[in-house]
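The structure under discussion appears below in the form of structure tokens.
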Amino acid sequence: SSKIPLRDKNDKITGIIGIGRDITERKKVEKALHIKNVALDSSLIAMGITDVNGNITYVNKALVKMWAAEDESHLIGKPAKSFWINENSANSFISNCIKEGFGKGEFLARWLDGTTFETFAYASVVKYENGAIEGVVASFDDLTDRKLAEAALRESEEKYRILFMDSPDAYLIIIDGVFTDCNKAAEAMMRCNAEHIIGKTPGEISPELQPDGRNSLAVFELLDTARR
């Protein structure tokens with residue numbers, strides 16, 4: 001609001017003219033915008049915004065941390081592609097996102113110290129009220145831990161495979177009453193290849209009678225009942 005003094009012909013103040021405006025809606029909008037900004041900045045998901053030229057205009061705290069930067073000033077204003085190992089891929093990703101309205105993909109990124117890491121990005125365009133494109137907003141998922149876990153799992157599986165397949169003892173794996181795998185020693189014992197064992201039940205590859213004279217199917221049914 002604003003106030004203007006009302007004076008007579010002798011320049012004596014005889015009153016005041018007041019002008020006021022209802023700013024309730026503006027305050028509501030400002031509050032809503034503040035809440036959104038706080039939520040975005042404190043999000044655990046790394047997020048950033050670029051203009052239509054691919055230059056970074058905003059980063060939240062999670063993105064600053066992901067890129068091992070001291071603060072946002074080390075990122076804002078710089079081309080987003082400079083943080084990708086393959087800048088051509090970066091240009092293609094951003095241009096396709098602007099063209100299609102969204103984009104996603106895995107790429108190799110570069111920390112500020114030059115160290116590389118793998119990340120997955122989800123992006124979508126940001127538009128003005130008139131529909132013109134303002135820029136691109138993207139969220140990032142650091143895949144480092146997942147990639148390390150996958151590599152460790154592959155190594156573990158390979159070690160298991162070597163120990164399992166090269167063991168001098170015969171091993172057959174049964175799941176739900178059906179052979180799902182066997183090693184070389186089992187193939188030698190059964191005198192057939194794995195393809196003739198896997199997918200079959202014990203009864204299908206066993207003689208009608210066991211050495212003690214019992215019916216093989218009856219024996220396997222008993223074992224299956226005990227297993228359950």
Side-chain angles (χ1 to χ4, degrees), residues 32-166 173 175 180-181 183:
L33 184 60
H34 174 71
I35 292 174
K36 290 180 181 179
N37 288 338
V38 170
L40 185 63
D41 199 46
S42 60
S43 173
L44 297 178
I45 299 174
M47 302 183 72
I49 299 175
T50 70
D51 58 24
V52 291
N53 296 315
N55 296 315
I56 300 173
T57 59
Y58 168 82
V59 292
N60 68 353
K61 294 177 181 178
L63 188 61
V64 172
K65 181 179 180 181
M66 177 181 288
W67 254 265
E70 292 183 9
D71 54 57
E72 61 182 24
S73 65
H74 290 82
L75 303 172
I76 291 178
K78 296 183 179 180
K81 66 181 182 181
S82 65
F83 298 99
W84 298 43
I85 295 301
N86 189 325
E87 293 191 2
N88 290 330
S89 295
N91 289 331
S92 177
F93 179 84
I94 295 173
S95 61
N96 286 337
C97 182
I98 292 176
K99 179 180 178 181
E100 302 294 334
F102 65 93
K104 62 180 180 179
E106 184 176 325
F107 64 92
L108 193 61
R110 180 190 294 110
W111 278 314
L112 293 182
D113 63 1
T115 307
T116 61
F117 69 103
E118 292 183 80
T119 183
F120 197 95
Y122 299 88
S124 60
V125 297
V126 179
K127 296 182 178 181
Y128 292 106
E129 292 184 0
N130 62 6
I133 297 176
E134 179 180 0
V136 175
V137 58
S139 62
F140 300 87
D141 184 13
D142 187 346
L143 302 180
T144 302
D145 291 340
R146 195 185 82 182
K147 292 293 183 179
L148 290 175
E150 289 175 351
L153 179 60
R154 286 193 298 270
E155 183 179 355
S156 177
E157 289 176 342
E158 182 60 23
K159 288 181 179 179
Y160 162 78
R161 171 59 55 180
I162 293 173
L163 291 173
F164 175 76
M165 292 303 297
D166 295 340
I173 298 177
I175 298 178
T180 59
D181 203 355
N183 65 354

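These values consider heavy atoms only, across backbone and side chains, with no hydrogens, waters or symmetry-generated copies. Remember, it's a predicted structure, so these values are computed and weren't measured experimentally. All residue numbers in this chain count up from 1 along the given sequence.
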V125/V52 under side chain to side chain contact (heavy atoms under 4.5 Å, CB included): CA gap, chis, key distance, verdict
CA-CA 9 Å; V125 297; V52 291; over 6 Å; no
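Closest non-hydrogen pair, A138 versus A123, comes out as CB-CB, 3.8 Å. Of all heavy-atom pairs between V59 and E72, the closest is CG2-CB, 3.6 Å. Of all heavy-atom pairs spanning I94 and G54, the tightest one is CD1-CA, 4.3 Å. Contact detail for S82 and E87: the closest heavy-atom pair is CA-OE2, 4.1 Å. Residues T119 and A109 approach most closely at CG2-CB, 4.0 Å, considering heavy atoms.
Rounding to the nearest 0.5 angstrom, the gap separating the CG atom in L63 from the CD1 atom in I45 is 12.0 Å. To the nearest 0.5 Å, atom CD1 of residue I76 and atom OG1 of residue T57 are 7.5 Å apart. Distance CG/L108 to OG1/T116: 4.5 Å, rounded to 0.5 Å. To the nearest 0.5 Å, atom NZ of residue K78 and atom OG1 of residue T50 are 16.0 Å apart. How far CH2 of W67 is from CZ of F117: 4.0 Å, rounded to the nearest 0.5 Å. Here the straight-line distance linking atom NZ of K147 with atom CG of D142 works out to 11.5 Å at 0.5 Å rounding.
Within 6.0 Å of CG in L163 there are more than 12 heavy atoms belonging to other residues, nucleotides or ligands. Within a 6.0 Å sphere centred on CZ of F120, heavy atoms belonging to other residues, nucleotides or ligands number more than 12. Atom CD of E118 is surrounded by more than 12 heavy atoms from other residues, nucleotides or ligands within 6.0 Å. More than 12 heavy atoms of other residues, nucleotides or ligands shown are found within 6.0 angstrom of CD on E106.
Remark: the backbone N or O of S92 is paired with a side-chain donor or acceptor of N96 at under 3.5 angstrom. D51 places a side-chain N or O within donor-acceptor distance of the main-chain N or O of N53, the cut-off being under 3.5 Å.
The pair R161-D181 meets the salt-bridge criterion, with a side-chain N (NZ, NE, NH1 or NH2) lying under 4.0 Å from an Asp/Glu carboxylate O. We find that R154 and E158 are not joined by a salt bridge, their nearest charged nitrogen and carboxylate oxygen being 4.0 Å or further apart.
Considering only heavy atoms from C-beta on, F107 stays 4.5 Å or farther from F83 through its side chain.
Taking the six-membered ring where the residue is Trp, W84 and F93 present tilted rings, their angle falling between 30° and 60°. Taking the six-membered ring where the residue is Trp, Y160 and F164 present parallel rings, their angle staying beneath 30° rather than reaching 60°.
For D166, the salt bridge (charged side-chain N to carboxylate O under 4.0 Å, His left out) partners two or more places apart in sequence, or in a different chain, are K184.
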